[in-house]
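So you know, we letter chains A, B, ... as the sequences are listed, proteins then strands, and number each from 1. Keep in mind the model is a prediction, meaning the values are calculated, not measured.
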Number of protein chains: 2
Amino acid sequence: MPRDITCLIVDDHEVVREGLRLSLSRASHIRVVGEASDGASAVALTERRRPNVVIMDVRMPGMDGLQATREINEKVPETSVLLFTAHNERSLLGRGLEAGAKGYILKEAPHQTLLRAIEKVAEGEGYVDPALMPTFLNSRDKEDMLTAREREILQLLADGMSNVEVAGRLFISQETVKSHVRHILAKLEADTRTHAVAIALRESIID
Amino acid sequence: MPRDITCLIVDDHEVVREGLRLSLSRASHIRVVGEASDGASAVALTERRRPNVVIMDVRMPGMDGLQATREINEKVPETSVLLFTAHNERSLLGRGLEAGAKGYILKEAPHQTLLRAIEKVAEGEGYVDPALMPTFLNSRDKEDMLTAREREILQLLADGMSNVEVAGRLFISQETVKSHVRHILAKLEADTRTHAVAIALRESIID
DNA sequence: AGTCGGATCCCCCGGAAGGGGCAGGAATTC
DNA sequence: GAATTCCTGCCCCTTCCGGGGGATCCGACT
């Protein structure tokens, strides 16, 4: 390895940033070149410092980690984003990879695993926390099964809308909405819209 | 202040524990006497080390922070629990205080605030993150409005049960369930059960 | 003793939801 | 160009839900 891996820490919790800095300071070949506490400044800082790796929390106030990841990928493609999050929610991994993240690791991961992940993504390879594989396989089915339209409708159901209201909002017929809802229920293996919404909220398919 | 404040760190994320240890090592009058990564060992360690303060994360695998707080309060009442969490969800603060926590502070709080909070609860006083006050006032209404029975029913609705199914499960008549549901809808200002469940899940009134 | 909230149960009713099948058109893929 | 997927729409039918009245019982609080 010719030179140090430069990396940027992004997390809205100071205590996490400190912990990370401390952890990484023990690895001689890793150098922290900056910190940010929200998505927007993470993007800005990445453009200026051009680190090899951005260690990015997903949930943050303001611009979240996924959006920041997208922008970094677009503006500074040579930088790899490693998502670092406490949430092993089903959909986050999928959405993270879609956003262009090179790696995904849980905060509960042991120290060594984190270092390995950083090295991997710095080399341009992908890294996904092995602990995620089971939930991943279970769930991508679930989220991916739903079409964009179906997710859109599910989201409106979660706001308490009736079929007629959804139809009005989307400028389609009520019958079409019923049709979509039937498909949603079948795919999520729910038997009422209420159950479907509960599943979707728990799995973060919708917000 | 006669002697150092002894404190125990409880968090399932290693990176957070490291950050906390680092932060607290800078305060000369605070001494970290142990760490735990789940609720059960937190309780056990508290019984042995009897620290002044336990800095406790709420969400952890296995026994969660609230349950651990209850047990610590029962078994080692002279120890004060300071809840330290990333989630400013409406119901957590209320439930935390019910569980016997002396303080509640967010992970995004600045360094100084954390130290202040630790000192406060070490003296036996309460401390609640000022940032929480607004959400607190808004929300306790919502959760407290619901009776235990109503929450129980709402939880079952979130699993997709119909009125009849809920009635069967709780050994009550379907009419009673309908009655409860009507009250739930009125209290949460929802117009369908689906909306009520969505609200409750988002506000963590149910899981 | 009286009042209040909570839990339980009952009736009625209109409208909504759930379940089934079916089908055209557009876009994509092979 | 054939196949597939998705969005869209329509039919019929049964069940469930939401909203409106009520009522009774019990325990807790005052």
Side-chain angles (χ1 to χ4, degrees), chain A residues 91 94-95 98 139-202 205-206, chain B residues 91 94-95 98 139-202 205-206:
Chain A
S91 73
R95 286 196 281 179
E98 275 166 27
S139 63
R140 279 222 41 101
D141 314 310
K142 275 212 174 129
E143 170 164 37
D144 280 359
M145 263 172 159
L146 294 185
T147 67
R149 191 58 153 178
E150 285 162 353
R151 273 196 296 273
E152 190 180 7
I153 285 170
L154 191 50
Q155 180 72 59
L156 297 177
L157 295 187
D159 292 331
M161 291 194 187
S162 67
N163 289 338
V164 179
E165 288 168 324
V166 172
R169 170 71 77 91
L170 300 181
F171 304 108
I172 56 181
S173 123
Q174 184 208 354
E175 293 302 323
T176 305
V177 177
K178 291 185 68 173
S179 200
H180 282 305
V181 171
R182 253 180 291 131
H183 294 151
I184 292 170
L185 296 187
K187 288 179 179 179
L188 294 185
E189 295 175 86
D191 25 48
T192 66
R193 63 181 56 218
T194 304
H195 197 192
V197 165
I199 291 170
L201 283 174
R202 288 174 177 144
I205 293 173
I206 56 174
Chain B
S91 71
R95 287 196 281 177
E98 276 165 25
S139 64
R140 274 207 65 85
D141 312 310
K142 274 217 173 126
E143 169 162 38
D144 280 358
M145 262 173 162
L146 294 185
T147 68
R149 192 57 154 176
E150 285 162 352
R151 271 197 298 273
E152 191 180 4
I153 285 170
L154 190 50
Q155 180 72 58
L156 295 178
L157 294 186
D159 293 330
M161 291 194 189
S162 67
N163 289 339
V164 179
E165 288 168 324
V166 172
R169 169 71 76 91
L170 299 181
F171 304 106
I172 56 180
S173 124
Q174 184 208 353
E175 291 302 323
T176 307
V177 177
K178 291 184 67 172
S179 194
H180 284 304
V181 171
R182 254 180 288 133
H183 293 150
I184 293 169
L185 296 186
K187 288 180 178 178
L188 294 185
E189 296 175 86
D191 28 45
T192 66
R193 64 182 54 216
T194 303
H195 198 194
V197 165
I199 291 171
L201 282 173
R202 288 175 176 141
I205 293 172
I206 57 174

Between A:Ala198 and B:Leu201, which heavy-atom pair has the shortest distance, and what is it? CA-CD1, 3.6 Å
Counting only side-chain N and O atoms of A:Thr176, is one of them less than 4.0 Å from OP1 or OP2 of D:dT8? no
Restricting to salt bridge (charged side-chain N to carboxylate O under 4.0 Å, His left out), what partner residues turn up for A:Asp191, sequence neighbours left out? none
In Å, rounded to the nearest 0.5 Å, how long is the span from CG of B:Leu157 to OG1 of A:Thr192? 8.5 Å
Any residue meeting side-chain contact (heavy atoms from CB on, under 4.5 Å) with A:Ala200, in chain and number order, not counting sequence neighbours: A:Leu154, A:Ile205, A:Ile206
Could you pull out the closest heavy-atom pair between A:Leu188 and A:Ala196, with the gap in Å? CD1-O, 3.9 Å
Output for pair (B:Glu189 CD, B:Ile199 CD1), nearest 0.5 Å, gives 8.0 Å
Check the distance between D:dT5's C1' and A:Glu150's CD and give it to me in whole angstrom. 11 Å
What pair of heavy atoms forms the shortest contact from A:Arg193 to A:Met161, and how long is it? NH1-O, 3.7 Å
What does the B/S/- profile of nucleotides 11-30 of chain C look like, 5' to 3', with a 4.0 Å heavy-atom cutoff to protein? B-----SBBBB---------
Could you state the NE2-C1' distance from B:His195 to D:dG18, rounded to the nearest angstrom? 15 Å
Angle by which the axis turns from one end of the helix from C:dA1-D:dT30 to C:dC30-D:dG1 to the other, five pairs per end, to 10 degrees: 60°
Just compare C:dA7, D:dG9, D:dT8 and give me whichever is closest to any side-chain atom of A:Ser173. D:dG9
Rounded off to whole Å, could you give me the NE2-to-P distance for the A:His180 and D:dC10 pair? 13 Å
Could you list the residues that satisfy side-chain hydrogen bond (donor to acceptor under 3.5 Å, both in side chains) with A:Glu150, not counting sequence neighbours? A:Thr147, A:Lys187
Could you give the side-chain donor-acceptor pairs of residues 171-183 of chain A under 3.5 Å, partners two or more places apart or in another chain?
| from | atom 1 | to | atom 2 | distance (Å) |
| --- | --- | --- | --- | --- |
| A:Ser173 | OG | A:Glu175 | N | 2.9 |
| A:Ser173 | OG | A:Thr176 | N | 3.3 |
| A:His183 | ND1 | A:Ser179 | O | 3.4 |

Using whole Å, report how far CD of B:Glu165 lies from C1' of D:dC17. 14 Å
For A:Glu152 and D:dC6, what is the distance between atoms CD and P respectively, to the nearest whole Å? 15 Å
In whole angstrom, give the distance that lies between atom CZ of A:Arg151 and atom C1' of D:dC7. 15 Å
